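Written out below as structure tokens is the structure these notes cover.
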There are 2 protein chains.
Amino acid sequence: MNLKQLAHMLALSQTTVSRALNGYPEVNEETRRRVMDAAKRHGYRPNPSARRLATGKSGMIGYVLPTGAAVDIDPHFVEFLSGLGDYARSHELDLVLSPTDADDQETTYRRVVANRQVDAVYISSPRPADRRVALVNTLGIPFIVHGRSEGLDFDYPFLDIDNEGAFHEAARLLVQLGHRRLALINGDDGETFAIHRERGLRRALAASGLTLDDRHVCSVVMTEENGYRAARRLLEQDGAPTAIACSSLIMALGVVRAVRDLGLSIPGDISLIAHDDVFPWLKPENFSVPLSTTRSSIRRAGARIAERLAARISGLEEGARGEVWPVDLVVRGSVAGAPA
Amino acid sequence: MNLKQLAHMLALSQTTVSRALNGYPEVNEETRRRVMDAAKRHGYRPNPSARRLATGKSGMIGYVLPTGAAVDIDPHFVEFLSGLGDYARSHELDLVLSPTDADDQETTYRRVVANRQVDAVYISSPRPADRRVALVNTLGIPFIVHGRSEGLDFDYPFLDIDNEGAFHEAARLLVQLGHRRLALINGDDGETFAIHRERGLRRALAASGLTLDDRHVCSVVMTEENGYRAARRLLEQDGAPTAIACSSLIMALGVVRAVRDLGLSIPGDISLIAHDDVFPWLKPENFSVPLSTTRSSIRRAGARIAERLAARISGLEEGARGEVWPVDLVVRGSVAGAPA
DNA sequence: AGAGTCTTCCAAAGCGCTTTGGCTTTGCCG
DNA sequence: CGGCAAAGCCAAAGCGCTTTGGAAGACTCT
């Protein structure tokens, strides 16, 4: 059942039927009702390919997915996706993943935009002066950055959590508890979120006249194994830290293992706070010693980004609106006063 | 730059240019070269929307993604996606995720197929007599099932690992080590993979005249917390098992925690084997006691499925070819002889 | 030389929708 | 009652590609 047939059986022109269906004003309300009704009754669904060709709109949002033998997709992605799906589902918005060589994302962005495959894209894990953001901005497709870049000479729409504030609060708590030597096990320090976390932590220390020893900060891909290695390195050096802030729950697993392997205990010898993106399958309260966290649901962020992308596509949102979400500090058993 | 312009500047018809570009035989090799050359020089890329409308082919593969407030996307998905991306990237194949209400997937499948949004789909986490498989089969779109259904009255193409064999081998090893009371912490027993694993385990026990106590099998969503709960329940009952087979590494984390909480040890009191889908961020060899596993890379499966979908789209693969991959049994420190 | 066969190319008809540019009809006003 | 604006509808022209149904020319064969 296509427009032509529908129009014919209603004894109307395609024009009118099309307009009636798409809510244009120049059609009698009475006729519109008739059309709507017939369309529903016959299960008419406009052919998206045809509509696409005519309008250039695809009704899909895009994500350029870096892949490669050496590239692992972050497990956070799945949670983000859940959120995105939560919103998109109820709006018949589909998501197009365009896998790309991690070293040449530009080509893929250009292709996706040139082909008008999607109406909007989002960018995740941005870095300072992120080239993708600049590119997408000049290509002129609606977009939102999940996270923030820095040092770009233009404003752009983004959704970020207050990473600096979160780690500032975490560190402040630790300092209040008497800790003087803090350590940071961070994610890839090429990414802005990691920079912000370190910044927040340093700021809290500075406020108390303390500093972050360079040997006390690690920046690694966030795996359990790397958490373990980093923690061992930190804890086996002279002047080892008494408290650790950690950028992910997964790394925290490794940290806990390292602490145990070294015959130390949490929080007796080491206090630990990690950032929790809220996974359903790994919860900080279930760690052998319940883990203090800075918490922010990445899933909610996914839903919000889908919502804002949809708003941008339909012109309801414009300009470079940045949104920064506060982060909860949840104190559990893994922090205590510094050892004497 | 579109076909018309290109044809015009070559003083050829659109027909000929189109045919030259798409490798049809009825065009002089000399002209073809000229066309190809000009196309490349001017960076001509056929408009996918137009091509879609004309051919009905979209050049994308689809996945219907169940979502909902109560639905969590499996973290395995991300690894599968990595694999899919590995292949798709080099073939400019995009993936369309269509989020759907988990309770009404049929509507979404129908929409996706009716709209010809994608050229092929894959289905994951199948159940016995899976309705999606039956649906997609009748809808007539190329597809592959990741995993297997059971009890359908037709054959279909799938890619599965030998879950039954894997757990059979695992159980056989445990029995050989003298264990008599095995337990199984399984995933959702509505899904075929879980059924097969249980079947494999029972078969191995039966071969030695043993049986699997019904109180010794749990079927839960695969989270750390559920692994913990299941293990506690198992280990606190009378006639507690001395060995546990566990369907995922994430649950195994919980099992290890439970064992420790109960003052027991691995492998002294409890032997543990888990299935490992090979996550980059959580490795069995890094468990406090290195974990024995049945191992199969879900990422490789993703790549293979993309490859086969592509083959089906282009007609290179046909029929109901099923592919079953063997699973490695990797023995590490978490298994030992049964306690006396 | 005439008939038949390839080879090579083209004009034009879709694919199914949106949108432009009218054309009637109706209602209102002076 | 004539004129004008608004309301309601339509025919047809795209969007950019593929594909059908020739047609012209070159070649082969008898």
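In this text, all values refer to a predicted model and were calculated from it rather than measured experimentally. Heavy-atom basis, side chains included; hydrogens, waters and symmetry copies ignored. Residue numbers begin at 1 in each chain, while the letters A, B, ... track the order of the sequences.
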ask   = Parallel, tilted or perpendicular: which fits the ring planes of Phe158(B) and Tyr156(B), with parallel below 30° and perpendicular above 60°?
value = tilted

task = Give me the ring orientation class for Tyr122(B) and Phe80(B): parallel if the planes are under 30° apart, tilted from 30 to 60°, perpendicular past 60°.
result = tilted

Could you state the atom-to-atom distance from [atom1] of [X] to [atom2] of [N] in whole Å?
X: Arg51(B); N: dT19(D); atom1: CZ; atom2: P; value: 9 Å
X: Leu10(A); N: dC9(D); atom1: CG; atom2: P; value: 12 Å
X: Met1(A); N: dC15(C); atom1: CE; atom2: C1'; value: 17 Å
X: Leu21(A); N: dG16(C); atom1: CG; atom2: P; value: 16 Å
X: Lys57(A); N: dG16(C); atom1: NZ; atom2: C1'; value: 19 Å
X: Asn2(B); N: dT18(D); atom1: CG; atom2: C1'; value: 14 Å
X: Leu6(B); N: dT18(D); atom1: CG; atom2: C1'; value: 15 Å
X: Leu53(A); N: dA13(D); atom1: CG; atom2: C1'; value: 13 Å

ask   = Does a side-chain heavy-atom distance below 4.5 Å link Ile61(B) with Ile313(B)?
value = yes

task = List the steps, then state whether salt bridge (Lys or Arg N to Asp or Glu O under 4.0 Å) holds for Arg304(A) with Glu307(A).
result = CA-CA 5 Å; Arg304(A) 177 68 181 138; Glu307(A) 184 182 8; 3.2 Å; yes

Between [X] and [N], does any side-chain N or O lie under 4.0 Å from OP1 or OP2?
X: Asn47(B); N: dC15(D); result: no
X: Tyr24(A); N: dT19(C); result: yes
X: Ser18(B); N: dT18(D); result: yes

Pairwise N/O distances under 3.5 Å, protein to nucleotides 8-10 of chain C:
| unit_1 | atom_1 | unit_2 | atom_2 | d |
| --- | --- | --- | --- | --- |
| dC9(C) | OP1 | Thr31(B) | OG1 | 3.1 |
| dC9(C) | OP2 | Asn28(B) | N | 2.9 |
| dC9(C) | OP2 | Thr31(B) | OG1 | 3.0 |
| dC10(C) | OP2 | Ser13(B) | N | 2.8 |
| dC10(C) | OP2 | Ser13(B) | OG | 3.1 |
| dC10(C) | OP2 | Thr16(B) | OG1 | 2.7 |
| dC10(C) | N4 | Arg19(B) | NH1 | 3.0 |

query = So, the side chain of Ser58(A) versus the backbone of Met60(A): is there a donor-acceptor pair under 3.5 Å, distance only?
reply = yes

request  = Report the distance from atom CD of Glu317(A) to atom CZ of Arg308(A), rounding to the nearest 0.5 Å.
outcome  = 4.0 Å

remark   = Closest heavy-atom pair, Val121(A) versus Val118(A), reported as atoms and distance to 0.1 Å, is CG1-CG2, 3.7 Å

